Engineer: 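Okay, handing you the structure first.
Note: hydrogens, waters and symmetry copies are ignored here, and every other heavy atom, side chains too, is used. Whatever order the structure lists them in is the order used to number ligands and atoms, beginning at 1. These figures come from a predicted structure and were not determined experimentally.
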Amino acid sequence: MIKSRLCDLVGIKYPIIQAGMGPFSNNNLCVAAANAGVLGLLSTSGVWSKDTQPWVYNDFVRTGEADPEDDMATVLEKVLKRTYRLVKDKGGIFGINVMVSAEVLPNSQVMIDTAIRVCEENPDMKNNFKVIFTSAGDPVGWKDKIKGAGFTWMHVVPSVRGALRCKKAGVDVIVASGHEGGFHTSWEPVHSMILLPAVVETVSDSETLVCGAGGFCDGKTLAAALVMGADGAQMGTRFLATQESDFHQIWKEGVVDAGDRATLVARGFVGPARWLKTPRSQEHAKNTLQKSPGVFLGTPDDYTTIDMSLIEFEVASIKAAFEGNKEKALLAAGEAAQRIKDMPKVNDLVQEIVREAEAILRDVPKKLLA
Ligand SMILES: Cc1cc2nc3c(=O)[nH]c(=O)nc-3n(C[C@H](O)[C@H](O)[C@H](O)COP(=O)(O)O)c2cc1C
């Protein structure tokens, strides 16, 4: 059976992480993934989009069985309790993905404080709610709070420099996120084939695990991640296109129908973002070239320097995705979309990924070693 240090560390059956995909809801997807034996991650940034993107917020609250009038902490508490209720009998393991970038820090604090409090008040929950996964910000300073409360701490980075920062911060599992990945990507992109082995070589040791993200979507790519020295692989786009996924049908079908050379990079809320290639995203990319050229030059800009019409276009296009308006929608997804041809149930998908990875890892020595 395929197994890695990640399985031992958090108690999952298979070395796969279902990626948090905020601000969109993963509430049902996370339950299905956890119950299929992988680490399920809830996204949390939808909880604070009530005023800016009510369509995103309402969907998050609806799938999490919370009340739209609840405050942020109460929404998260209800989502956590619902997830626990739905995974505990099958021993599913889950966590939360929390963005900790400077602009959203007050919200990040509420999310992490709430998670810790809910776990303390419901000690049984600790058997299943085991991971806090931080992203999009500086990891330094979070160790005492997260690890002090008994959680395994994961953080995602796009570079070796970021991985070294995680090491300094005391992160347990560093997730190296290559440029192939869906939605927000790095200003200075490096793809998984280069990034993952570089991060493994630099920081993996007896205390620090490394996982790959970006482009992993089947048994072949999972096996490749493990062979490159990783302890597992995080998959976003692959899980987005599943029966239980909370994403709108046009988004899931967009991934399945994407075909060859399926994505492009254009402006996203906080920097470059990878979208499915459509006339709408091509228009957005052309506008990005004019109004936020740093996305293509690797030079960060921010809300004080860019033309806000780009952000308004993006917000309107995400709204269109929630309304099922294919023409006006922008659909975030990774390059892996080109390799995804079906929309299976999560458990069947996980079984197939694991079966394929095991077969490859068994066969490779026979085929390739004299
Ligand atoms: C629609 C979408 C939304 C995402 N939102 C987030 C997010 O809120 N926080 C985060 O850390 N990563 C986010 N990601 C990145 C994923 O967590 C994951 O790292 C990425 O999807 C891996 O690459 P893949 O798409 O090739 O599997 C998102 C990805 C997608 C496709």
Engineer: Can you tell me which residue pairs pass the salt bridge (Lys or Arg N to Asp or Glu O under 4.0 Å) test with a partner in residues 237-259, sequence neighbours excluded?
Structural biologist: R238-D342
Engineer: Can you produce the list of protein nitrogen or oxygen atoms under 3.5 Å from a nitrogen or oxygen of ligand 1, alongside each distance?
Structural biologist:
from	atom 1	to	atom 2	distance (Å)
ligand 1	5 (N)	G22	N	3.1
ligand 1	5 (N)	G22	O	2.8
ligand 1	8 (O)	G22	N	3.0
ligand 1	8 (O)	G22	O	3.1
ligand 1	11 (O)	N97	ND2	3.1
ligand 1	11 (O)	S135	OG	3.0
ligand 1	17 (O)	G20	O	2.9
ligand 1	19 (O)	Q234	NE2	2.9
ligand 1	23 (O)	G214	N	3.3
ligand 1	25 (O)	G182	N	3.1
ligand 1	25 (O)	T237	N	3.1
ligand 1	25 (O)	T237	OG1	2.6
ligand 1	26 (O)	G215	N	2.8
ligand 1	27 (O)	G236	N	2.7
ligand 1	27 (O)	T237	N	3.4

Engineer: Please, which pairs that meet ring pair (Phe, Tyr, Trp, His ring centres under 6.0 Å) have at least one residue in residues 85-128, sequence neighbours excluded?
Structural biologist: F94-F129
Engineer: Do F183 and W275 pass the ring-ring contact (aromatic ring centres under 6.0 Å, His included) test, and can you show the C-alpha distance, the side-chain angles, and the key distance before you say yes or no?
Structural biologist: CA-CA 6 Å; F183 210 20; W275 308 98; 5.4 Å; yes
Engineer: Are the ring centres of W251 and F24 closer than 6.0 Å?
Structural biologist: yes
Engineer: Is there any salt bridge (Lys or Arg N to Asp or Glu O under 4.0 Å) pair reaching into residues 154-175, and which pairs are they, with sequence neighbours excluded?
Structural biologist: D138-R165, K147-D172, K167-D205
Engineer: Does a donor on one side chain and an acceptor on the other come within less than 3.5 Å for Y14 and E358?
Structural biologist: no
